[in-house]
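Each ligand, and each atom within it, is numbered from 1 in the order the structure gives. In this chain, residues are counted from 1 in sequence order.
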Amino acid sequence: MALNPADLFDVRSMLSEEERMIQDSVARFVDEKVIPIIGDCFDQGRFPKELIPEIAAMGLLGSSLPEKYGCAGLNGVSYGLICQELERGDSGIRSFVSVQSSLCMYPIYAYGTEEQRMQYLPGMARGEILGCFGLTEPQGGSDPANMKTNAKRDGDDWVINGAKMWITNGNVAHIAIVWAQTEDGIQGFIVPTTTLGFSAQEIHKKMSLRASVTSALFFDNVRVSDAQRLPNVKGLKGPLGCLTQARYGITWGPIGAAISSYTTALEYSKSRILFNKPIASTQAVQLKLADMARRITLAQLLVLQLGRLKDAGNMQPAQVSMAKWNNCRMALDISREARDILGGAGITTEYSPIRHALNLESVITYEGTETVHQLVIGREVTGINAF
Ligand SMILES: Cc1cc2nc3c(=O)[nH]c(=O)nc-3n(C[C@H](O)[C@H](O)[C@H](O)COP(=O)(O)OP(=O)(O)OC[C@H]3O[C@@H](n4cnc5c(N)ncnc54)[C@H](O)[C@@H]3O)c2cc1C
């Protein structure tokens, strides 16, 4: 029996029936609703907000959180498969779901009070309340301990001042999860974006993640009550705990972008006739395609084991770093190589590889740059911090 070129080791056979069903339903949504419009959205620099109700109705927002809060209560492998299929469509759509789920709903669930969970999570799962996550600041995202945004206690309130940079969903969000220095260390606040003194400015001229909203946030004496503070975490472990969740999803997502690029190049190479034969029959192109298949297969096996570790409660941040580094690099290299196989046709958004390649420049940078994740692994194996 012929092997599936996009799943040479039949990783799908290691999924449960429920996991396969979830993957198939998200794949159908991406094929029918995302792929037909996403090239134009990218060209126009437009985030397709109109897809949010269906994404929510499918249970893709906060999918791993309990049903009690209106969420689907799925396991980690299912969340990974959702990210993979969404990113086969576009990294921007996956970024929207990652931010809403792992960076906004997760901290409310993990660090918030029961009142905060009930107030926000069901509406967020329905896609009626959108969130953004403000950690990175203009002076450097790789060193979040050097945070300048601060929150000062004033009676029952807190007054927040500072700025955040490169914030996904910033201009569409109803609430921002904001991390700020306090006398007691870094703390998180749920800030409604209608609060006086809060402003969001969309970042234009992006050549990457053009179908996603990215913003700068400004806080000018933004006053929130103590009931808006996330009380159950203090210090950098708060935002870093969210990032581990989001990065986990990002280990899966780029596999989708890589599969889209690789299958596009594979099909194209079979029908592109040069020197009287399809370019797929040349050794040079076959070497490239074989190498793509090899790297996709390794990535698929890596994330499935990572997901099983997560679901057993044994996933370590350094393992997430290795998978994020490997899979972003794999997908970026493959999408660039696929673009090359398409020749001139590869430079327009008629075909997916260049869009994925441009998007992956962000994906390999955000949530810890490639270098940062390499240094995490270096620290893990040597025991020496080289940051
Ligand atoms: C499209 C997009 C969306 C984003 N969304 C969000 C969001 O929703 N919320 C949020 O908080 N942030 C978000 N970010 C920010 C992102 O996480 C940061 O861009 C990232 O952490 C890198 O920070 P920086 O851009 O300030 O680069 P810097 O930290 O200034 O890094 C510059 C360079 O220095 C390198 N470097 C860093 N440390 C070392 C070292 N010790 N040794 C050697 N080299 C080093 C880096 O690898 C990089 O090459 C987003 C970014 C983008 C591009």
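Between Ser269 and Leu289 there is a side-chain heavy-atom pair separated by less than 4.5 Å. Side-chain contact between Val213 and Lys49 is absent, with no heavy-atom pair separated by less than 4.5 Å.
Within the cation-pi definition used here (under 6.0 Å to the ring centroid, within 45° of the axis), Arg229 does not qualify as a partner of Phe189. Note that Lys310 lies in the cation-pi zone of Tyr248, set by a 6.0 Å cut-off to the ring centre and a 45° limit from the axis.
For a threshold of 3.5 Å applied to N or O pairs, the pair formed by Asp143 and ligand 1 contains no separation below that value. The shortest N or O to N or O distance between Leu135 and ligand 1 is under 3.5 Å. For the pair Phe133 and ligand 1, the shortest N or O to N or O distance falls below 3.5 Å.
Between the side chains of Asn359 and Asp90, at least one donor N or O lies within less than 3.5 Å of an accepting N or O. The closest side-chain donor-acceptor pair between Ser321 and His373 falls under 3.5 angstrom. A donor atom on one side chain and an acceptor atom on the other are found under 3.5 Å apart for Ser95 and Tyr366. One side chain, Ser260 or Ser352, offers a donor N or O that lies under 3.5 Å from an acceptor on the other. A donor atom on one side chain and an acceptor atom on the other are not found under 3.5 Å apart for Ser225 and Asp157.
Put simply, atom 40 (C) of ligand 1 has protein non-hydrogen atoms near it, under 4.0 Å away. Protein heavy atoms all stay at least 4.0 Å away from atom 49 (O) of ligand 1. When distances from atom 33 (C) of ligand 1 to the protein are checked, no heavy atom turns up under 4.0 Å.
Protein heavy atom nearest atom 26 (O) of ligand 1, with residue, atom name and distance: Gly141 N, 2.7 Å. Nearest protein neighbour of atom 8 (O) of ligand 1, counting heavy atoms only, is Thr168 N, 3.0 Å. Considering only non-hydrogen protein atoms, atom 20 (C) of ligand 1 sits nearest to Thr365 O, 3.6 Å. If you check which protein heavy atom lies closest to atom 4 (C) of ligand 1, you get Trp166 O, 2.9 Å.
Using a 4.0 Å cut-off between heavy atoms, Ser362 contacts ligand 1 through its side chain alone, with no backbone atom that close. When non-hydrogen atoms are compared, ligand 1 lies under 4.0 Å from the side chain of Thr369 (C-beta onward) but not from its backbone. For Glu370, no heavy-atom contact with ligand 1 is shorter than 4.0 Å.
Proximity to Glu367 (heavy-atom distance under 4.0 Å) selects the following atoms of ligand 1: 17 (O). For ligand 1 and Thr371, the ligand atoms under 4.0 Å from any heavy atom of the residue are 43 (C), 44 (N), 47 (O). Of all atoms in ligand 1, listed by their number and element, those nearer than 4.0 Å to a heavy atom of Leu375 are 40 (C), 41 (N), 42 (N). Of all the atoms in ligand 1, the ones that sit under 4.0 Å from a non-hydrogen atom of Tyr366 are 2 (C), 3 (C), 4 (C), 16 (C), 17 (O), 50 (C), 51 (C). Here is the list of ligand 1 atoms found below 4.0 Å of a heavy atom in Ile167: 7 (C), 8 (O), 9 (N), 10 (C), 11 (O). Here is the list of ligand 1 atoms found below 4.0 Å of a heavy atom in Leu209: 1 (C).
The closest heavy-atom contact to atom 30 (O) of ligand 1, among the options Ser95, Cys132, Gly140, comes from Gly140. Comparing Cys242, Gly368, Ser142 by heavy-atom distance to atom 36 (N) of ligand 1, the nearest is Ser142. The heavy atom nearest to atom 10 (C) of ligand 1, out of those in Thr136, Leu243, Asn385, Val99, is found in Thr136.
Under 4.0 Å is where a charged nitrogen must lie from a carboxylate oxygen, and between Arg46 and Asp40 no such pair does. Residues Glu17 and Arg20 are not paired through a salt bridge, judged by the lack of any N-O separation under 4.0 Å between the basic side chain and the carboxylate.
A 6.0 Å sphere centred on CH2 of Trp158 holds more than 12 heavy atoms belonging to other residues, nucleotides or ligands.
Of the residues listed (Arg336, Lys206, Arg355), the one engaging Glu361 in a salt bridge (Lys or Arg N to Asp or Glu O under 4.0 Å) is Arg336, and it is the only one.
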